[in-house]
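Numbering of ligands and ligand atoms starts at 1, following listing order.
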Amino acid sequence: MTERFDVVVVGAGSAGAVVAARLSETPGRSVLLLEAGPDHDAAHTPPAISGPSFVAAMAEPGRVWPNLMAQRTPAQGERHYVRGRGIGGSSAINAMVALPGEPGDYDAWERDFGCAGWSWADVAPWFERLPVPLRVATPRETGPIARAMLSAEPTAEPAALTRHGDGRRASVNDVYLQPARGRSNLAVRGDALVDRVLFDGHRVAGVVMADGSAVETTTVVVCAGAIHSPAILLRSGVDRPGIGLGLHDHPSFPMAMILHEPPSEPATLVAVSALLRSGYRVHHDLQVLAMDIVDPAMPTLGLLMGAVMQVHSRGEVRLASPDPAVDPIVEFHMLSDERDLVALRAAAALTERLALSESMAAVAVPAPYDTTDVALLAGVGDYVHAAGTCRMGAVSDPLAVVDPHGRLIGYEGLLVCDASVMPAVPRANTHLPTVMIAERIAGMFVAAT
Ligand SMILES: Cc1cc2nc3c(=O)[nH]c(=O)nc-3n(C[C@H](O)[C@H](O)[C@H](O)COP(=O)(O)OP(=O)(O)OC[C@H]3O[C@@H](n4cnc5c(N)ncnc54)[C@H](O)[C@@H]3O)c2cc1C
């Protein structure tokens, strides 16, 4: 017999875990959370996931999508694109940096993209109320690259990190799902790869799993992230031209730093503990991240990564195959808008200035690097902040995929809620903004039902 739930949430990442936890607060609503990767409760979190190094978290078996490839620019071949898999999604493997973004980012969502109700005045109180604990690294946890950055630049700052008081990672599994797991109306299921959403006309009727089984429901919230949410909609035959378009990420300029000597206590270091935000065209449109752990097998390797935080270029996600086990084609078209190339030059210059500063020279030297345009196009990296592939907007906007309540335009019973709905990625690392989006869309859904 087919199972039935009032709501099925697809994907247990930064958004999906929040949505499932909030919707199951109403005792009469049955909620099923389906996650492609492994599930465990907070007490059984692998030490590599709860520890200080996201590099170790990414190496935990089964916790990233292993075959997902992306092309950043046509001057590059495809390379792996990292997305979290398993309970907590990318929040379980990310670098834990917590920033909300700038007021102008959200004001532009409302003004330029028709996202009524998403101005800074609307979203700021939600950021303030998030129950996510934040904690900066202690001096003992701060590595030489971060320390050198903090002393080289007066505006460099210790990064606020999503961590519990005792230093463990605070993923959405810990913060949101754990307190909800005891509820009889919430079922959490790992190793559950969703193929597609089933429709009766334009109304949701259920979801079909990759193994061919089905779950009946009238409401599906797709929270599979900016790469996999559009793929699910495309496999489901949803007829909306904007799906998969609008893909973007913060372009980056990675500069390897070779330490004069390895850190004395590498196991205690937080991989990313400091960052520099800087203004080029507008406030905080550049960032440089200091990384003290890049590869545990190479303790003298550090990294400075400059990034363009306000992005104009757009790419695309499209299906490679109707098979749910095959990842989609991902093309970012980074730097295709001249403004992003100009800004990346500035990010590279800022990174170079830090790399050659007196404080940095005392601990490390940069590996050979090249800041010519040819090299930038061939070497530009991402910031694992994919966004924009199911973008939110006015119902009258032909390229908007969801309305400002997260509801798929032209359909009934399907919502999309994750980083894919961001019309323009904020000048921030994207976890906290995604949690805010999930809180708001869940709140709107509860208020309307
Ligand atoms: C390595 C790394 C480091 C990062 N560092 C930071 C940082 O320091 N600070 C910050 O703010 N942001 C950071 N980010 C970005 C941030 O974590 C993401 O933007 C955010 O987690 C995205 O949330 P999401 O809900 O959109 O997607 P995710 O958290 O990726 O969740 C999507 C979930 O859906 C599941 N899923 C996908 N397809 C299916 C399917 N067909 N069936 C069932 N389940 C499915 C996935 O397995 C995953 O669990 C980082 C990301 C990565 C990968």
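- The N/O atoms of Ile232, backbone and side chain alike, include none that comes under 3.5 Å of an N/O atom in ligand 1.
- The residues Glu60 and Arg85 are annotated as not salt-bridged, no charged nitrogen and carboxylate oxygen being separated by less than 4.0 angstrom.
- Of the charged side-chain nitrogens involved, at least one lies within less than 4.0 Å of a carboxylate oxygen, so that Asp6 and Arg4 count as a salt-bridged pair.
- Side chains of Asn173 and Ser171: a donor-acceptor N/O pair is absent below 3.5 angstrom, by distance only.
- Between Asp39 and Arg181 there is a salt bridge, since at least one side-chain N of the basic residue sits less than 4.0 Å from a carboxylate O of the acidic one.
- In terms of protein heavy atoms, atom 42 (N) of ligand 1 is closest to Val194 N, 2.9 Å.
- With a 4.0 Å heavy-atom cut-off, ligand 1 is reached by the side chain of His228 but not by its N, CA, C or O.
- Considering backbone and side-chain N/O of Arg83, none are found under 3.5 Å from N/O of ligand 1.
- Heavy atoms of Met58 found under 4.0 angstrom from ligand 1 belong exclusively to the side chain.
- Residues Asp285 and Arg427 are not paired through a salt bridge, judged by the lack of any N-O separation under 4.0 Å between the basic side chain and the carboxylate.
- Remark: Arg163 engages Glu141 in a salt bridge, criterion side-chain N to carboxylate O under 4.0 Å.
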Kindly indicate, with the supporting measurements, whether the criterion side-chain hydrogen bond (donor to acceptor under 3.5 Å, both in side chains) is fulfilled by Arg169 and Ser50. CA-CA 5 Å; Arg169 172 191 297 274; Ser50 52; over 6 Å; no
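- Of all the heavy atoms of Ala98, none lies under 4.0 Å from any atom of ligand 1, so neither backbone nor side chain is involved.
- Using a distance-only test at 3.5 Å, with no hydrogens or angles considered, a donor-acceptor pair links the side chain of His250 to the main chain of Pro426.
- Residue Gly37 places no N or O, backbone or side chain, under 3.5 Å from any N or O of ligand 1.
- For atom 27 (O) of ligand 1, the closest non-hydrogen atom of the protein is Gly225 CA, 3.6 Å.
- Taking distance alone, with nitrogen or oxygen atoms compared against 3.5 Å, Leu193 stays at or beyond that limit from ligand 1.
- For the 3.5 Å distance criterion, the side chains of Asp340 and Gln310 fail to qualify, holding no donor opposite an acceptor.
- Looking only at protein heavy atoms, the nearest one to atom 49 (O) of ligand 1 is Glu35 OE1, 2.6 Å.
- Residue, atom and distance of the protein heavy atom nearest to atom 12 (N) of ligand 1 are His431 N, 3.3 Å.
- Any N or O atom pair closer than 3.5 Å counts here, and Val10 shares no such pair with ligand 1.
- Between the choices Gly13, Ala12, Ser14, Ala226, the shortest heavy-atom distance to atom 20 (C) of ligand 1 belongs to Ser14.
- In terms of N/O distances under 3.5 Å, ligand 1 is not approached by Phe54.
- An N or O contact shorter than 3.5 Å links Ala419 to ligand 1 by distance.
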Name each donor-acceptor pair under 3.5 Å that joins a side chain in residues 123-134 to protein atoms two or more places apart or in another chain, with its distance.
none

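- Annotation: cation-pi pair Arg83/Trp65 absent, no NZ/CZ under 6.0 Å from the ring centroid and within 45° of its normal.
- Below 3.5 Å of separation, one finds an N or O of Asn94 facing an N or O of ligand 1.
- Residue contacts with ligand 1 for Ala438 are absent, since no atom lies close enough (heavy atoms, distance under 4.0 Å).
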Could you list the donor-acceptor pairs under 3.5 angstrom formed by side chains in residues 288-296, with sequence neighbours left out?
unit_1, atom_1, unit_2, atom_2, d
Asp292, OD1, Ile145, N, 2.8
Asp292, OD2, Ala146, N, 3.1
Asp295, OD1, Ala297, N, 2.9

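- Distances from atom 48 (C) of ligand 1 to the heavy atoms of Ala428, Gly84, Ser90 put Gly84 nearest.
- Looking from atom 18 (C) of ligand 1 to the surrounding protein, the closest heavy atom is Thr430 OG1, 3.8 Å.
- In terms of protein heavy-atom proximity, atom 2 (C) of ligand 1 is nearest to Val384 CG2, 3.6 Å.
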